[in-house]
Amino acid sequence: MNRRSFLESLVALGILLPDAPGYGQVPPDRIRRRISDPLAKEDVEAFSMAVANMKNVSDATNPNSWMYWANVHGMTTSAPNALIGVWDKCDHGNYFLAWHRMYLAFFERVIAHISGKRNFAMPYWDWYSSELLPEHFTEPSGPGNPLWREKRQYTVKFPVSTTVLSSPGTREYNDFNQFSFGDPHSNIHLNFSGEMSTPATAARDPVFWPHHAAMDRLWEIWAADQTHAGPDRNSLWAQNKFSFLLTRDGREIKVADMLTTADLGYKYDDFSIASKVVRAPLRPPGKPEVAEAVHIPEGLAASDAKVALSQYRSLRLGGDAKSVEFPLPNNAGGTLEAVGAETSKRQLWIVLDGVVLTERGRRERVLYDIYINLPRSTPQESPPSAGSYKVGQINSFGLAQDHASGQHQQHKIEIRLDKYIPSLRVSGAWSPDRLNINFIPGSTEASGPPMITIQTLRVELR
């Protein structure tokens, strides 16, 4: 699917007119700008006007309605049979960034059609420059501001960082995609109460779209670094297809055909970014929980088989920082010494199995940053950057149930660790016989019932 067929799929639903001037051509001046930039004023006005008109369309199955596109992302009920392949399809896994790029591209052309601004480009909220909610979303204007939500509450509870751009573990697309879903993406979502704090309703809030335009821009900033390895357009991953509309063309959207901003005919105003460097916290005080080393049959660690090295059962995260110490078996030592080297074919992973968000976690909004081998004290020189130790995040946005079923869904989270080993070796924080996993809450919470429970934690050699 190329840019022309992308637009043709919108024509089939009346979103674009086939006799419009320059039909089939992407306007050459589609630039996504900071929402605070005076040059973005016309796009903000077009967005606001279109949102008002879309909210007046009561039929949610009409692609010109507000709820159609909100439901594409998530729902609190089940999708009707006719829209099962289109609604409630947000991807927070391997296709997180790619799916949302495609989603935003379709929505953007709907806004262009309804507003009449053919070169409309979604402004982005540059939360690295200011985490304050942009003024366009904060106050009702006159008889009503379509971008304002009466029940919206926003406080900077979880600040964002630029760790994802400096981490040694995010030089390949898959790792960048996973890491960025936490910080900065979920940090921003969890600064809201109400609709934005859960996937089922997030896209009902107009601020969702400038937020995800900022995430898309972050991907472009990351990709501009020549040391980073972007996704392969010819891979099996890139051949996967997603649906956004009920037309034939709209059903078969291949990731490979919408993988870059050039494919979609837009660009960003600039790639300048305000650095938000976060220093590594200290290892939580007190004795850590101690995992159980797993006996490994002789020679298995050096083979190609997946091997569990150590595991811990039933971790409860209730507001305090926690550490789990994983002793690594002696007969894997030689293999672990080589892990992290460019010549090593083995990978080290932590697997969190049976991860559940409790009622308290859902109610209070929570995130835990995951670190490995944090220092016990602050060195005399400047404290190290979090990028050397932070490997991921667990948060209530990612764990929230998609439907109002009342069931507690179990999740599995896998984080690759060996990419961090070279920098840990340099700082003297790596040992082949012991691994310390640290769970640090994003904000200070009162003690009480757990907010997240993890059935099993494992360290695996693959």
Side-chain angles (χ1 to χ4, degrees), residues 92-93 158 178 181-182 186 190 198 281-296 306-330 332 336 347-374 376 389-402 405-417 420 431 433-462:
H92 290 162
F158 304 112
Q178 181 180 12
F181 174 77
S186 294
L190 294 175
T198 182
L282 295 180
R283 186 177 301 190
K287 291 184 178 180
E289 310 286 343
V290 179
E292 174 187 0
V294 177
H295 174 72
I296 303 176
K306 181 189 296 186
V307 182
L309 302 178
S310 186
Q311 66 180 11
Y312 182 83
R313 297 187 184 278
S314 188
L315 182 67
R316 298 158 64 88
L317 301 175
D320 299 326
K322 285 198 174 183
S323 290
V324 181
E325 193 84 16
F326 289 86
L328 304 178
N330 292 332
L336 288 174
Q347 301 172 356
L348 194 67
W349 291 74
I350 178 174
V351 180
L352 314 179
D353 232 339
V355 184
V356 173
L357 179 67
T358 68
E359 287 295 339
R360 183 190 175 197
R362 184 175 297 106
R363 183 176 63 252
E364 298 187 18
R365 292 169 290 145
V366 60
L367 70 79
Y368 277 84
D369 289 317
I370 305 173
Y371 296 84
I372 55 175
N373 292 2
L374 280 173
R376 298 179 185 275
Y389 301 87
K390 185 177 175 180
V391 297
Q393 187 184 97
I394 315 176
N395 63 70
S396 55
F397 188 83
L399 299 177
Q401 62 189 40
D402 294 332
S405 61
Q407 298 179 351
H408 296 275
Q409 296 182 358
Q410 293 194 1
H411 297 255
K412 183 177 184 179
I413 298 172
E414 298 182 307
I415 301 172
R416 186 174 169 183
L417 301 180
Y420 297 86
S431 170
D433 60 6
R434 194 163 296 274
L435 183 68
N436 194 277
I437 309 294
N438 316 116
F439 297 88
I440 309 296
S443 67
T444 303
E445 304 288 351
S447 59
M451 293 185 280
I452 294 173
T453 61
I454 306 173
Q455 188 176 35
T456 306
L457 294 82
R458 296 191 304 278
V459 175
E460 290 184 353
L461 195 61
R462 298 181 181 177

Nearest 0.5 Å, what's the [atom1]-[atom2] distance between [X] and [Y]?
X: I437; Y: E289; atom1: CD1; atom2: CD; value: 13.5 Å
X: Q347; Y: R462; atom1: CD; atom2: CZ; value: 8.0 Å
X: I452; Y: R362; atom1: CD1; atom2: CZ; value: 11.0 Å
X: L367; Y: Q393; atom1: CG; atom2: CD; value: 4.5 Å
X: I372; Y: L417; atom1: CD1; atom2: CG; value: 5.0 Å
X: Q311; Y: I350; atom1: CD; atom2: CD1; value: 12.5 Å

Please answer whether the main-chain N or O of [Y] pairs with a side-chain N or O of [X] as donor and acceptor at a distance below 3.5 Å.
X: E292; Y: R313; result: no
X: Y368; Y: G319; result: yes
X: S310; Y: L328; result: no

Does some side-chain heavy atom of [Y] sit less than 4.5 Å from a side-chain heavy atom of [X]?
X: F439; Y: L315; value: yes
X: V324; Y: N436; value: no
X: L282; Y: L374; value: no
X: V366; Y: P441; value: no
X: F326; Y: L309; value: no

Might you point out which heavy atoms bring [X] and [Y] nearest each other, and give the distance in Å?
X: F397; Y: T198; answer: CE1-C, 3.5 Å
X: P450; Y: T358; answer: O-OG1, 2.7 Å
X: E460; Y: A308; answer: CG-CA, 4.2 Å
X: E414; Y: Q178; answer: O-NE2, 2.8 Å
X: R316; Y: K322; answer: O-NZ, 2.8 Å
X: S186; Y: F181; answer: OG-O, 2.7 Å

Identify which one of L352, D353, T456 satisfies the side chain to side chain contact (heavy atoms under 4.5 Å, CB included) criterion when paired with K412.
D353
Applying the side chain to side chain contact (heavy atoms under 4.5 Å, CB included) test to I394, which of V355, L357, I415 qualifies?
V355
Could you check L461 against L348 for side-chain contact (heavy atoms from CB on, under 4.5 Å), going step by step and ending with a plain yes or no?
CA-CA 5 Å; L461 195 61; L348 194 67; 4.2 Å; yes
